[in-house]
Amino acid sequence: MTEQIIDPINDNSAQIIEKLIAENRLDDALAAIDHALAELSSRGDSALPRGSDNAKASFLFLRGKALWRLGRKADAISSYEAAAALDPAGPASVALDQARSIMDFFHHDLLNP
């Protein structure tokens, strides 16, 4: 149902997905993101407006955000990496740094109770 209202070129689509994530409707959000990314890919580069790499990066960032909430941290980091490669100044770069920092955290007392 959500897939039908997502047009990846429409500025409103990322907001719709953000709302799904905020409502913890993560499966719906992931389905909408996958639909948007497939739609962007199927249109081909010549049919896409300027800035579509940023649109792809935005959807990949949102995908990482939803995956992180699902506990699929490795998949989330992969999505953040792909988004950061397309838009190094975007929010995925910050999310990627934070995710890596969390994953690298080590506290010896937690391992030796």
Side-chain angles (χ1 to χ4, degrees):
M1 178 176 126
T2 305
E3 292 178 5
Q4 296 171 350
I5 60 172
I6 298 298
D7 176 9
I9 304 305
N10 181 350
D11 292 334
N12 192 23
S13 58
Q15 292 174 341
I16 293 168
I17 294 170
E18 282 277 6
K19 184 177 179 190
L20 291 172
I21 293 171
E23 293 172 352
N24 214 29
R25 294 175 50 195
L26 302 175
D27 290 332
D28 289 339
L30 287 171
I33 293 164
D34 289 342
H35 172 77
L37 289 171
E39 188 68 25
L40 283 172
S41 294
S42 72
R43 291 186 185 187
D45 289 340
S46 61
L48 295 175
R50 195 185 324 213
S52 60
D53 278 348
N54 287 346
K56 288 179 188 177
S58 176
F59 289 117
L60 287 166
F61 166 70
L62 291 172
R63 185 173 192 273
K65 193 173 179 180
L67 290 168
W68 189 271
R69 283 191 171 196
L70 284 171
R72 295 172 51 190
K73 295 183 179 8
D75 292 332
I77 289 171
S78 293
S79 290
Y80 291 151
E81 287 173 337
L86 291 172
D87 184 10
S93 294
V94 174
L96 181 59
D97 288 343
Q98 290 174 345
R100 287 181 174 158
S101 177
I102 289 167
M103 298 304 289
D104 288 341
F105 177 76
F106 174 79
H107 193 285
H108 70 281
D109 288 339
L110 294 177
L111 296 176
N112 299 312

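Along the sequence shown, the residues carry numbers beginning at 1.
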Inset, instruction - Enter the distance from Glu81:CD to Leu60:CG here, rounded to the nearest 0.5 Å. - result: 11.5 Å

Inset, instruction - Write down the atom of Leu62, the atom of Ile17, and the distance for their closest heavy-atom approach. - result: CD1-CG2, 3.9 Å

Inset, instruction - In plain terms, say whether Lys56 and Asp87 are close enough for a salt bridge, that is, a side-chain N and a carboxylate O under 4.0 Å apart. - result: no

Inset, instruction - Kindly give the heavy-atom pair with the smallest separation between Ala83 and Phe61, and that separation in Å. - result: CB-N, 3.8 Å

Inset, instruction - Give, for atom CG of Asp97 and atom OG of Ser101, the distance between the pair rounded to the nearest 0.5 Å. - result: 8.5 Å

Legend entry - Gap separating the CG atom of Leu86 from the OG atom of Ser58, nearest 0.5 angstrom: 11.0 Å

Inset, instruction - Would you kindly confirm whether Leu70 and Met103 end up in one hydrophobic cluster when ILVMFWY residues are joined by side chain heavy atoms under 4.5 Å apart? - result: yes

Inset, instruction - List the atom of Ala22, the atom of Arg69, and the distance in Å for their closest heavy-atom pair. - result: CA-NH1, 4.1 Å

Inset, instruction - Determine the minimum heavy-atom distance between Tyr80 and Ala92, stating which atoms define it. - result: O-CB, 3.7 Å

Legend entry - Lys73 atom NZ: more than 12 heavy-atom contacts under 6.0 Å: yes

Legend entry - 4.5 Å side-chain heavy-atom contact, Leu30 and Leu67: yes

Inset, instruction - Check Pro88 against Ser93 and note the closest heavy-atom contact, atom names and distance. - result: O-OG, 2.7 Å

Legend entry - Closest heavy-atom pair and its distance - Ile33, Phe59: CG2-O, 3.4 Å

Inset, instruction - Measure the spacing between CD of Gln15 and CG of Leu20 and express it to the nearest 0.5 Å. - result: 12.0 Å

Inset, instruction - Please examine the side chains of Lys19 and Glu23, heavy atoms only from C-beta on, and report whether any two atoms are closer than 4.5 Å. - result: yes

